[in-house]
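Below: the structure, in structure tokens.
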2 protein chains.
Amino acid sequence: MSSVPGWANVDERRNLPPALAVSTVILGIREGKDGGPDKLCLPVVRRIRQPHTGMWALPGGPVDPRESLGQAAGRNLDETTGLRPTYLEQLYTFGDIDRSPTHRLVTIAYFALLNADQVGATVQDDNVAWFDIDDPQIAQMAFDHREILDYAMWRLRNKTEYGQIAHRLLGERFTLAALRGVYEAILGRRLDPANFRRTLKSTASIEETDEYLAGGQHRPPRLYRYVGHGPDPLEVDPLHD
Amino acid sequence: MSSVPGWANVDERRNLPPALAVSTVILGIREGKDGGPDKLCLPVVRRIRQPHTGMWALPGGPVDPRESLGQAAGRNLDETTGLRPTYLEQLYTFGDIDRSPTHRLVTIAYFALLNADQVGATVQDDNVAWFDIDDPQIAQMAFDHREILDYAMWRLRNKTEYGQIAHRLLGERFTLAALRGVYEAILGRRLDPANFRRTLKSTASIEETDEYLAGGQHRPPRLYRYVGHGPDPLEVDPLHD
DNA sequence: GAGCGTTAATGTCAGAATGACTCTAACGAA
DNA sequence: TTCGTTAGAGTCATTCTGACATTAACGCTC
């Protein structure tokens with residue numbers, strides 16, 4: 001383990017308090033190419049400092065003493081990518097001793113969702129890029145960020161209540177086919193359209209509107225709306241679910 | 001907000017890095033009194049320092065720079081209560097600005113389980129006590145610890161895989177009735193013994209032994225064993241579930 | 001030892017939920 | 001008008017679930 005300019009060396013850092021940071025996995029959905037299934041995608045930032053210079057990393061940064069953890073996640077996200085997601089939830093805190101080669105770093109990981117028209121709309125910057133979730137270019141990431149991403153996907157797939165999550169990846173109104181695309185992207189398998197319709201119609205959180213999506217080549221699909229509980233909080237607090 | 005001896009005052013602490021601590025919700029199970037349902041219970045410690053002096057709090061303490069977060073939780077647990085649980089899992093990180101009246105405090109909450117013969121076996125100390133989960137004496141706790149406890153219960157109830165959790169609250173071998181008692185204590189309602197048996201027999205993680213529990217007044221029940229995946233890790237890492 | 005009370009363990013049955021599939025409706029394009 | 005495609009409703013067999021009945025095996029009492 002080598003000493004890096006600007007950082008305390010190994011012996012010194014043992015007595016420093018751990019640095020506190022937040023990182024965020026931000027997922028959006030993008031239509032599948034030529035009839036393929038929809039894909040989850042995310043923005044990542046290129047590291048311009050030591051360690052892991054040049055590698056892709058999750059957006060994030062230090063926690064200011066005057067802000068809460070959720071606020072820190074939202075602010076860092078805005079500053080590095082210009083994104084303001086509609087959903088933000090705490091994932092897990094990573095604090096292994098050697099997860100950063102240069103100093104002791106404790107990172108609170110967050111999980112965010114973007115609706116369709118925010119996907120791709122980051123600041124113009126060569127150091128920010130979007131990748132599909134299975135793109136080989138992010139098979140390796142800085143620090144343990146690839147593990148954080150895998151954990152986020154695991155959590156997403158094991159959510160019991162999808163209604164909330166699916167509707168935040170789409171807009172205010174959506175077709176059942178679009179919603180099914182979201183489910184298929186998350187679960188990684190095709191779903192029967194008829195059965196999907198039946199089960200979703202039996203859940204109370206989605207209701208049909210009187211509008212139809214015009215302009216398509218075939219029978220126009222009805223638009224649906226998510227009727228969740230209450231307004232959209234910036235941070236979903238699991239204490240009050 | 002008053003200045004407390006030994007702590008930085010409000011203006012000063014705004015520029016200090018947040019203090020990092022761990023706290024643990026440790027649950028065990030205890031047989032119901034006179035035929036009643038089994039009860040979940042936990043040890044708590046009395047605060048002997050500012051703030052919230054005299055109130056009950058979750059066991060915990062600061063994170064040492066040389067240990068991982070899980071190690072910090074286990075060590076603090078052992079030092080304050082003498083307990084070494086068979087299961088330890090990270091819950092959530094609490095970091096609101098005003099959760100401590102005296103300083104900025106970020107707490108990583110952990111969740112632990114004890115098997116039956118560890119319940120009540122804490123160090124001899126007037127400042128450690130065991131309470132049933134619904135005991136009015138812990139309706140209020142120091143800091144936001146009551147919210148942490150409520151969140152731990154919510155998480156426990158919403159676990160999809162109970163086999164692992166239930167068996168760690170019992171010993172190596174257990175009867176189906178005892179296992180049902182655990183489920184009933186967690187879910188807070190009675191379960192049909194016949195249906196409970198059926199569903200559990202269909203899960204692969206529990207297998208029957210050739211032994212029976214002797215000494216009872218009625219037909220001796222068969223003993224079962226949990227056949228989990230691999231050895232017991234001190235810290236369950238959700239990345240590799 | 002026979003009968004009784006209690007718990008262990010198995011069996012049955014109806015209704016709900018689920019997956020695979022068919023059928024009809026409504027659009028644009030040819 | 002016909003055709004291809006997607007929207008949306010319906011059918012049916014299988015599985016899952018909750019409620020309840022039945023049999024087995026102990027200790028206890030008489």
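We use all heavy atoms of the structure for the numbers below, so side chains are in, but hydrogens, waters and symmetry mates are not. Throughout, a chain's letter reflects where its sequence line sits, starting with A, and its residues are numbered from 1. Please read these numbers as outputs of a predicted model, since none were measured by experiment.
- Which of dG10(D), dC20(D), dG8(D) sits closest to the side chain of Y212(A) comes down to dG8(D).
- For the pair L223(B) CG and dA8(C) P, the computed distance is 12 Å after rounding to whole Å.
- With DNA chain D read from its 5' end, the first of the two nearest nucleotides for R189(B) and A177(A) is the one closest to A177(A).
- Judged by distance alone, with hydrogens and angles left aside, the side-chain atoms of H145(A) form a donor-acceptor pair with the main-chain N or O of L58(A) at under 3.5 Å.
- Below the 3.5 angstrom threshold, one finds no donor paired with an acceptor across the side chain of H218(A) and the base of dT6(D).
- When distances are taken from the side chain of R198(B) to each of dA19(D), dC20(D), dC21(C), the shortest belongs to dA19(D).
- The line from CG of L27(B) to CE of M153(B) is 6.5 Å long, rounded to the nearest 0.5 Å.
- Between D38(A) and G32(A), the shortest heavy-atom contact is OD1-N, 3.2 Å.
- Residue R219(A) has its side chain nearest to dA7(D) when only dA9(D), dA7(D), dC21(C) are considered.
- In this structure, CZ of R190(A) is placed 15 Å from P of dA20(C), rounded to the nearest angstrom.
- Rounded to a whole Å, the CZ atom of R222(A) is 8 Å from the P atom of dA9(D).
- Closest contact between the side chain of Q217(A) and the listed nucleotides dA8(C), dA7(D), dG28(C) involves dG28(C).
- Residue whose closest nucleotide on DNA chain C sits further toward the 5' end, between N195(A) and G215(A): N195(A).
- Rounded to an integer number of Å, the gap from R180(B) CZ to dA8(C) C1' is 10 Å.
- Whole-Å rounding puts the K201(B) NZ to dT10(C) C1' distance at 9 Å.
- The interatomic distance linking F196(B) (CZ) with dT17(D) (P) rounds to 14 Å, in whole Å.
- When the C1' atom of dA9(C) is taken as reference, atom CG of L179(B) falls 16 Å away, rounded to whole Å.
- D192(A) places its CG atom 14 Å from the P atom of dA9(D), with the value rounded to the nearest Å.
- Counting heavy atoms from C-beta on, the side chains of S68(B) and D96(A) come closer than 4.5 Å.
- With dC21(C), dA9(C), dA9(D) as the choices, the nucleotide that has an atom nearest any side-chain atom of R197(A) turns out to be dA9(D).
- Annotation: cation-pi pair R46(B)/W56(B) present, NZ/CZ under 6.0 Å from the ring centroid and within 45° of its normal.
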